[in-house]
A.B. asks: 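Here it is: the structure, laid out below.
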Amino acid sequence: MPADPAPQRELFASRPAWEEDDAREGMIATVVLSEGVDKPLDYLVPPRLAASVEPGRRVQVPLGRGNRRRLAYCVAVRTGELPQHPLKQVAAVEDDKPLLSPRMLELTAWMAERWLARRGEVLEAVLPAGVRLKRRVKRVPVLVATGLTPARRPTPAQQKVLEVATQPIPLDELLKRAEANRGVINRLLKGGLLAEQGQVIREPEPEPAEPLPTGSEPPTLSADQQQALAAILTPLRAGRHETITLFGVTGSGKTEVYLQAVSETLAHGRQAIVLVPEISLTPQTCDRFRSRFGRVAVLHSHLTPAERHAHWREIAAGRVNVIVGARSAIFAPAPRLGLIVIDEEHESSFKQATAPRYHARDVAEWIAKREEVPLVLGSATPSLETFARCLSGDWQMCRMPSRVGGSHLPAVITVDLRDRKTRAKGAISPRLAAGIEWAINAGGQVMLLLNRRGFATHVQCRGCGHAIHCPQCDLGLTLHQPGSRGICHGCGLVTKLPASCPECGAGDLVHRGTGTQRLEDQVRAQFRGIRVARMDTDTMRSRGSHERTLTAFRRHEIDLLVGTQMIAKGLDFPNVMLVGVINADAALHLADFRASERTCQLVTQVAGRSGRGPRGGRVVVQTSTPEHPAMRAAAAHDYEAFVRSELPIREALLYPPFGSVVRLVVRSLQDQAASDWADHLADRLRQAAGDDPAIRILGPAPAPITRIRDRYRWHLQVHGPSGESLRSLVRQATAGLKTPHEVAWIVDVDPVEML
Ligand code: ADP
Ligand code: ZN
């Protein structure tokens with residue numbers, strides 16, 4: 001056989017002679033690094049690892065001149081002739097089993113193409129951190145009362161802990177048995193009354209220790225529900241893929257249809273994935289699944305990595321067959337998948353805002369096609385993307401136009417805020433005030449939606465008109481009480497507000513605009529004696545606070561709930577007789593082509609919280625643009641009328657769903673550097689597009705929020721009729737670019753966030 005070229009022999013002087021003989025043939029592993037090099041790399045698999053290197057497992061490989069070991073995902077293995085250039089060798093195998101099935105590997109390759117993401121990034125996104133880090137066990141300290149005499153009399157809560165801890169007891173059991181919180185225990189530890197005595201290891205429970213009681217018999221379905229269920233069961237039983245959209249008004253019984261479809265899926269020995277926009281906002285939906293099916297993996301954001309890992313293993317082993325979770329639950333490793341449901345499919349939270357910027361709806365469709373299972377999309381306000389697919393006949397649409405159980409959609413009253421007579425003194429117009437009185441007097445409950453948190457939405461100088469801005473963002477500061485703090489909703493910065501105007505020095509700063517805090521104050525002052533609570537990200541920071549507030553509201557311990565869009569989602573409270581929307585146009589004029597769609601969806605959704613009980617209900621919508629199609633449709637409970645008015649506009653402008661958009665955002669501490677790089681990207685894109693008239697490149701321009709955290713932001717948009725050709729254009733234009741170190745930039749395919 002021909003001798004190896006000399007240079008290679010020098011390089012590999014230490015290679016044993018017997019390996020050299022085989023060197024023309026061998027096993028090659030293609031690996032992807034989670035970060036750094038984006039290109040797949042080939043490595044030689046040494047014979048000792050041949051049995052354990054396989055696609056889906058991770059391996060250790062040497063990288064670069066220094067041959068530093070890096071963790072990488074093995075995505076393919078082949079045996080055959082080796083290339084002319086020498087290959088480095090796989091050094092070790094990390095996992096004893098593949099973490100990713102062949103289907104998941106294929107999915108990640110598709111996702112990387114579809115959203116112009118890095119393959120390594122996608123691989124990391126589909127595997128929960130707990131799985132990647134192999135977090136299995138949790139160590140829990142064992143505590144015991146020391147018997148020391150306390151310096152001060154223990155509180156009753158402390159006393160209880162000390163009583164339970166006379167025998168050594170693991171912390172988690174102690175918390176439960178003594179019904180104590182961590183604070184009480186920490187104080188006792190600090191005071192020396194409680195001491196740590198070793199640790200125990202816990203395999204996390206993949207589900208709540210006590211399964212919820214199984215609910216009553218499922219109700220008999222209405223005709224619309226039956227029809228929708230049949231549309232799902234036909235492909236399910238036939239083992240073929242189909243996408244079915246349940247376009248059902250709020251309270252039309254969509255969730256009941258999902259439940260029965262899941263039940264049938266389980267009867268076939270298959271598994272079901274149910275996606276919801278956000279677990280903490282949909283406790284009722286999760287509870288209904290739990291009480292119907294008992295063993296349900298609820299994948300919420302508060303899980304520890306170890307708990308996530310435990311769920312993942314239970315699902316992969318086929319021991320848990322119902323999976324409920326937010327966006328990333330679509331990657332649950334169900335080996336016998338039979339059904340995917342996406343509830344509230346129009347919600348923008350199904351698009352990930354950070355890389356990889358995938359949309360769970362598209363991922364779900366890919367998986368459902370591949371697995372030949374039905375995909376169910378449910379909403380009272382389907383996205384225009386979904387609507388268009390249904391109108392084209394690609395997807396099936398089942399309409400559920402009325403509420404189940406005889407309740408009616410509430411009457412909607414629109415209050416024109418431009419009209420002096422109807423205008424509010426504060427944030428509450430006389431019509432709305434009358435509505436609140438009516439509902440409370442009738443023993444009902446009220447929800448008020450205001451999509452601005454804080455007290456005042458901006459702080460302005462009465463002398464010169466200057467509005468106080470965040471020092472590091474191009475955003476006005478919002479006033480939060482107590483303490484007159486200025487909070488930036490862009491970066492979260494909290495500052496003390498100045499006493500006088502930083503521009504002209506006048507001491508006359510006024511608090512303009514109403515946020516949820518001020519609204520809460522106003523309600524308390526105006527309607528004495530009623531019990532008020534507020535639900536926004538400020539009041540809902542701690543774990544379980546949503547559920548506590550919602551439970552209190554359900555038990556009618558709260559009469560009136562003030563909240564941001566958090567209160568607009570899937571909640572079902574039969575006693576709500578009035579819903580008020582304080583400022584329906586708040587989001588209507590944002591620089592976003594979806595502004596009217598979002599507004600119509602939000603108002604329709606929140607209106608749907610009213611009148612679910614036998615006594616009916618009303619909705620009062622305060623707006624400055626009552627004639628806007630979004631407002632008119634929401635007031636008439638005719639979302640489809642909005643769709644009919646909006647689709648032609650999108651079509652004329654070639655906006656989604658008729659065209660595709662890719663958005664590029666450039667950030668830098670230096671405005672000029674960001675702008676220069678955005679110019680450069682635009683030039684490259686224009687060059688790549690040539691004189692294709694179908695491609696439009698908008699910008700570069702400063703982004704609507706021009707600066708966040710001291711970083712200047714420029715953006716540009718590329719529009720075109722086909723997503724595929726747009727992506728290849730962007731790929732071509734940005735290939736091999738050397739980004740200057742002072743700028744960072746991202747590519748967002750099918751963006752839902754335009755600010
Ligand atoms: P949606 O998901 O469309 O908002 P739900 O499935 O939550 O509607 O149904 C609204 C309410 O009606 C729930 O309390 C549910 O238990 C009840 N419900 C659903 N279907 C029926 C039915 N066929 N008969 C009686 N009650 C039903
Ligand atoms: Zn800021």
Side-chain angles (χ1 to χ4, degrees), residues 215-229 245-263 274-277 281-289 291-292 324 341-347 376-382 398-410 454 458-459 467-478 480 485-495 497 554 568-576 604-614 617 637 639 667 705-713 755:
S216 45
E217 279 293 289
T220 314
L221 297 184
S222 70
D224 285 340
Q225 284 176 313
Q226 275 173 25
Q227 198 197 1
L229 184 62
T245 302
L246 305 192
F247 172 31
V249 297
T250 52
S252 57
K254 297 183 290 296
T255 311
E256 186 57 43
V257 175
Y258 311 149
L259 286 164
Q260 301 207 11
V262 169
S263 174
V274 180
L275 298 188
V276 295
L281 298 183
T282 47
Q284 290 180 320
T285 309
C286 300
D287 286 352
R288 283 169 73 182
F289 277 90
S291 64
R292 188 73 58 94
V324 180
V341 174
I342 305 185
D343 190 26
E344 310 288 2
E345 70 84 33
H346 63 281
E347 283 282 338
V376 178
L377 307 175
S379 176
T381 55
C398 294
R399 288 179 166 76
M400 301 167 70
S402 48
R403 284 185 165 179
V404 284
S407 86
H408 293 285
L409 286 166
H458 51 290
V459 180
I468 312 282
H469 272 63
C470 170
Q472 50 187 20
C473 304
D474 168 41
L475 283 171
L477 285 179
T478 304
H480 285 241
R485 290 159 304 147
I487 299 186
C488 172
H489 289 181
C491 70
L493 181 86
V494 182
T495 53
L497 279 171
R554 163 168 303 281
K569 323 234 159 141
L571 303 174
D572 181 17
F573 297 112
N575 204 38
V576 172
T604 306
Q605 292 282 347
V606 72
R609 306 302 124 217
S610 181
R612 287 180 165 231
H637 299 295
Y639 179 72
R667 284 192 303 255
I705 302 177
T706 57
R707 190 169 53 111
I708 295 181
R709 280 198 181 88
D710 283 331
R711 275 152 188 86
Y712 292 88
R713 304 169 75 243
L755 295 180

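Values below: all heavy atoms of this structure, side chains included; hydrogens, waters and symmetry mates excluded. Residue indices begin at 1 and follow the sequence shown. Whatever order the structure lists them in is the order used to number ligands and atoms, beginning at 1.
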A.B. asks: Looking at atom 2 (O) of ligand 1, what's its closest protein heavy atom, distance included?
C.D. replies: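 The closest heavy atom on the protein side is Thr255 OG1, 2.6 Å.
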A.B. asks: Tell me the protein heavy atom at minimum distance from atom 8 (O) of ligand 1, and give that distance in Å.
C.D. replies: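 Minimum-distance protein heavy atom for atom 8 (O) of ligand 1 reads Gly253 N, 2.9 Å.
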A.B. asks: Is any NZ, NE, NH1 or NH2 atom of the basic residue among Lys254 and Glu344 found under 4.0 Å from an Asp or Glu carboxylate oxygen of the other?
C.D. replies: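 Looking at Glu344 together with Lys254, the answer is no, because their closest N to O distance does not fall below 4.0 Å.
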A.B. asks: Quick one: are Arg609 and Thr250 in side-chain contact, heavy atoms under 4.5 Å?
C.D. replies: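 Yes - at least one pair of side-chain heavy atoms lies under 4.5 Å apart.
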A.B. asks: By number and element, which atoms of ligand 1 are closer than 4.0 Å to a non-hydrogen atom of Val404?
C.D. replies: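 Those of ligand 1 that fall under 4.0 Å from Val404 are 12 (O), 18 (N), 19 (C), 20 (N), 21 (C), 27 (C).
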A.B. asks: Out of Arg288, Gln260, Gln225, who is nearest to atom 15 (C) of ligand 1 when you count heavy atoms only?
C.D. replies: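 Looking at heavy atoms only, the winner is Arg288.
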A.B. asks: Do you know the tightest heavy-atom contact between Arg403 and His408?
C.D. replies: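 Where Arg403 meets His408 most closely, the heavy atoms are NH1-O, 3.4 Å.
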A.B. asks: Looking only at heavy atoms, is any part of Arg612 under 4.0 Å from ligand 1, and if so is it the side chain, the backbone, or both, or is it neither?
C.D. replies: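 Near ligand 1, Arg612 shows its side chain, while the N, CA, C and O stay back.
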A.B. asks: Of all the atoms in ligand 1, which lie at a distance below 4.0 Å from a heavy atom belonging to Leu221?
C.D. replies: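 Answer, ordered by atom number: 23 (N).
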A.B. asks: How close do Pro382 and Phe247 get, counting heavy atoms only, and between which atoms?
C.D. replies: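 Answer, listing the atom of Pro382 first, then Phe247: CD-CD1, 3.4 Å.
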A.B. asks: Taking all non-hydrogen atoms of both residues, which atom of Pro277 and which atom of Glu347 are closest, and how far apart?
C.D. replies: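 Scanning both residues, the minimum pair turns out to be CG-CG, 3.6 Å.
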A.B. asks: Contact between ligand 1 and Gly251 is defined here as a heavy atom of the residue under 4.0 Å from a ligand atom; is it met?
C.D. replies: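 Distance cut 4.0 Å: Gly251 passes for ligand 1.
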A.B. asks: For the Zn ion (ligand 2), decide whether His489 has an N, O or S atom at a distance under 2.8 Å.
C.D. replies: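 Checking the Zn ion (ligand 2) against His489, no N, O or S atom falls under 2.8 Å.
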A.B. asks: Just need the protein heavy atom nearest to atom 24 (N) of ligand 1, so name the residue and atom and give the distance.
C.D. replies: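 I find the closest protein heavy atom is Pro219 CB, 3.6 Å.
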A.B. asks: Could you tell me, atom by atom, which parts of ligand 1 come under 4.0 Å of a heavy atom of Asp572?
C.D. replies: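 That gives atoms 11 (C), 13 (C), 14 (O) of ligand 1.
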A.B. asks: I need the minimum non-hydrogen distance between Val404 and Ser222, along with the two atoms involved.
C.D. replies: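 Result for this residue pair: CG1-OG, 4.0 Å.
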A.B. asks: Does ligand 1 have a heavy atom under 4.0 Å from the side chain of Ser252, from its backbone, from both, or from neither?
C.D. replies: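 The answer is both.
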A.B. asks: Working to 10°, measure the angle at the Zn ion (ligand 2) formed by atom SG of Cys473 and atom SG of Cys491.
C.D. replies: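 About 110° at the Zn ion (ligand 2).
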A.B. asks: Return the minimal non-hydrogen interatomic distance between Ala228 and Leu246, and the atom names on each side.
C.D. replies: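 The pair with the smallest heavy-atom distance is CB-CD2, 3.6 Å.
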A.B. asks: Have a look at the Zn ion (ligand 2) and estimate, to 10 degrees, the angle subtended by SG (Cys488) and SG (Cys470).
C.D. replies: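 That angle is 110°.
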A.B. asks: Which atom pair, heavy atoms only, marks the closest approach of Thr255 to Phe289?
C.D. replies: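 Taking Thr255 first and Phe289 second, the nearest heavy atoms are CG2-CE1, 4.4 Å.
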A.B. asks: Taking only heavy atoms of Thr220 into account, list the atoms of ligand 1 that are under 4.0 Å away from them.
C.D. replies: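 Result: 22 (C), 23 (N), 24 (N).
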A.B. asks: Counting C-beta onward and ignoring hydrogens, is there a side-chain heavy-atom pair between His489 and Leu475 closer than 4.5 Å?
C.D. replies: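 SC-SC contact between His489 and Leu475 ruled out.
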